[in-house]
Protein chains: 2
Amino acid sequence: MDLRLLRYFVAVAEELHFGRAANRLHMSQPPLSRAIRQLEADLGTTLLHRSAAGVSLTPAGATLLTEARNLLEQSEQVRARVNAAASLTVGILADSTDPGIARLADSYRRLHPTVTITIRDADLTDPTCGLRAGLVDIAITRAPFDPTGLHLHELRADPLGAVLRTDDPLATRDRLTLADLADRAWFQFPPGTDALWQSFWNGGQSREGPVVRAVQECIQAVLWNGTIGLAPLGHHLSEELVVVPVTDLPPSPVVAAWPATDTNPLIPAFVQLAATAYRG
Amino acid sequence: MDLRLLRYFVAVAEELHFGRAANRLHMSQPPLSRAIRQLEADLGTTLLHRSAAGVSLTPAGATLLTEARNLLEQSEQVRARVNAAASLTVGILADSTDPGIARLADSYRRLHPTVTITIRDADLTDPTCGLRAGLVDIAITRAPFDPTGLHLHELRADPLGAVLRTDDPLATRDRLTLADLADRAWFQFPPGTDALWQSFWNGGQSREGPVVRAVQECIQAVLWNGTIGLAPLGHHLSEELVVVPVTDLPPSPVVAAWPATDTNPLIPAFVQLAATAYRG
DNA sequence: ATCGCCGATACCCGGTGGGTATCATCGCTG
DNA sequence: CAGCGATGATACCCACCGGGTATCGGCGAT
């Protein structure tokens, strides 16, 4: 059985007219007639009643119409699924300053040269980097966020510090507590941001402060407006900023997250590679 | 996408060797290589890693392997379902003496000349005429029987009578009750026969008597052994038998039955035709 | 370094899928 | 009732494609 013939048959069965169907298929009528006869011979049944009055479906033809539509639909899905298995989009959040992700992508490309891997920088609105919206296949992000329907894999946990201007009175301290920062203005995330995540990144409390949508905006908020935020230690954000450890905050985990329903075989391989890359 | 190419791909993916796969497909290696390249070009992805060491699947290839197997399997099912929709096997029970079924088959053939309709006479063991075993698409039989998983359509209800030899003392009566027959030997159906059906055709009670497997055997049992049985009125069974109405039995319904899961479009058409044929 | 295995390439041929021209049939209409 | 128009079937042709054979190239093993 040939999918081409099924496509032809569906056209004829829908039009109930060889001429119109041929037109729709951008071909002439005689080869179409022949193709349908061929399909009938292949299946060993008559699919259409032909008469000068018109064309009508036999019971076998009616069955084939629905079955063929179904099969053609599924063949398209196969195409889509195979294409999905040939490319991987990874969303990253807040770690755009981290060179690790670039090295990770490179080593993945070396391992799977046939796979197109794309890194997408997400904005802070969505800690799952568009995972639920289907924009990315995997998110590399920082917990916490609502994990419903997601598989998670913790890659690393970073101690957190307060991001301060170098001329801040606290900037010379080698450690801080949340109490030291209680009177400062904190970031505000846009509405719709995961509540868990928002409260954590504000030091576990609801805070007042300017709205930020991207990492660059956070840095600017600290530099220009004297607000304060949290960041993993060891990242060099700017010449004019320091990150001072805050001792009474739990470390911030970096997690890989992907939809529990996603069967893309590239995902486990990527997560494993990410795990070794982040461990080192 | 061409199912032929998918078949080729499955062979190569299973053998992981172009030569062996070509052998399995009864073709030579070069056109097979070309076909796989074609499939890759069509899908826009590499499906196989080729090296002198051997062939291995890319992630997209692994996905396609399962998807292709699935699609090929389904294409075979389409073929089977279309063939099923082009032929109808009707099982009939106990009414082989009824000329109505022959007329019904003829008028169905006139209505659907492309459909092969086959009438199968069932034995008394199975009142559903092999419906559950898949031997027939529709059963025209007499209730009662276990209707689980079946759709039923009552075609007619016949008053019942006792089948007696013409020289039986009761043969001249114009009506009887079950009480009149209480001391007679009744039929016995083979083990496995539907219990509902068995008890009904024995006058609603468990009875002693010879085992019968076919209508002919029932007639012979009455003629030769003096046993007794029930039959719808108005059928001429034999010159030496009469059917005397039994007034305290409910009429016996003739029903069309077919599997609730069967989507064969021939079934509704046949049932409708049967309904009008039996009504007349 | 060389041999051997295996997939790729080059090239050829016949069948098939597409085309055009025309026929046959049937329903409609004047 | 004859002629016309519409529609599917048939006849025939051509280009392309799916199959074949012969051979190359590259990598691994010895």
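Computed from heavy atoms alone, side chains included, the values below leave out hydrogens, waters and symmetry copies. Residue numbers begin at 1 in each chain, while the letters A, B, ... track the order of the sequences.
- For Arg4(B) and dG17(C), the CZ to P distance is 11 Å, given to the nearest whole Å.
- Here dG7(C) is the nucleotide among dG18(D), dG18(C), dG7(C) with the atom lying nearest to any side-chain atom of Arg50(B).
- Residues of residues 11-19 of chain A having a heavy atom closer than 4.0 Å to DNA chain C: none are found.
- Using a 4.0 Å heavy-atom criterion, one finds that Arg34(B) contacts the bases of the nucleic acid, with or without backbone contacts as well.
- Contact record, Leu152(A) with Ala257(A): CD2-CB, 3.4 Å, taken as the closest heavy-atom pair.
- Ion pairing of Asp106(B) with Arg103(B) is absent here, as no side-chain N (NZ or NE/NH1/NH2) approaches a carboxylate O to less than 4.0 Å.
- Residues meeting the side chain to side chain donor-acceptor pair (under 3.5 Å) test with Asn70(B), sequence neighbours left out: none.
- With respect to the salt-bridge test (charged N to carboxylate O, under 4.0 angstrom), the residues Glu76(B) and Arg81(B) do not qualify.
- Note: CG (Leu39(A)) to P (dT16(C)) measures 16 Å, nearest angstrom.
- Within residues 21-33 of chain A, the residues having any heavy atom closer than 4.0 Å to DNA chain D are, in order of number, Gln29(A), Pro30(A), Ser33(A).
- Remark: P of dG17(C) and CZ of Arg7(A) are 14 Å apart, rounded to the nearest angstrom.
- A donor-acceptor pair under 3.5 Å is formed between the side chain of Arg79(B) and the backbone N or O of Asp42(A).
- Closest non-hydrogen pair, Leu47(B) versus Val82(A), comes out as CD2-CG1, 4.2 Å.
- Between the side chain of Arg69(A) and the backbone N or O of Leu64(A) there is no donor-acceptor pair closer than 3.5 Å.
- For the pair Ile36(B) CD1 and dG7(C) C1', the interatomic distance rounds to 12 Å; values are reported in whole Å.
- Heavy-atom nearest nucleotides on DNA chain D were determined for Asp2(B) and for Arg37(A), and the one closer to the 5' end corresponds to Arg37(A).
- In this structure, Asp158(B) contributes its side chain and Leu233(B) its backbone to no donor-acceptor pair below 3.5 Å.
- Heavy atoms of other residues, nucleotides or ligands lying less than 6.0 angstrom from CD of Glu14(A) number more than 12.
- Applying the 4.0 Å criterion to OP1 and OP2 of dT16(C), one finds that Gln38(A) has every side-chain N and O outside that range.
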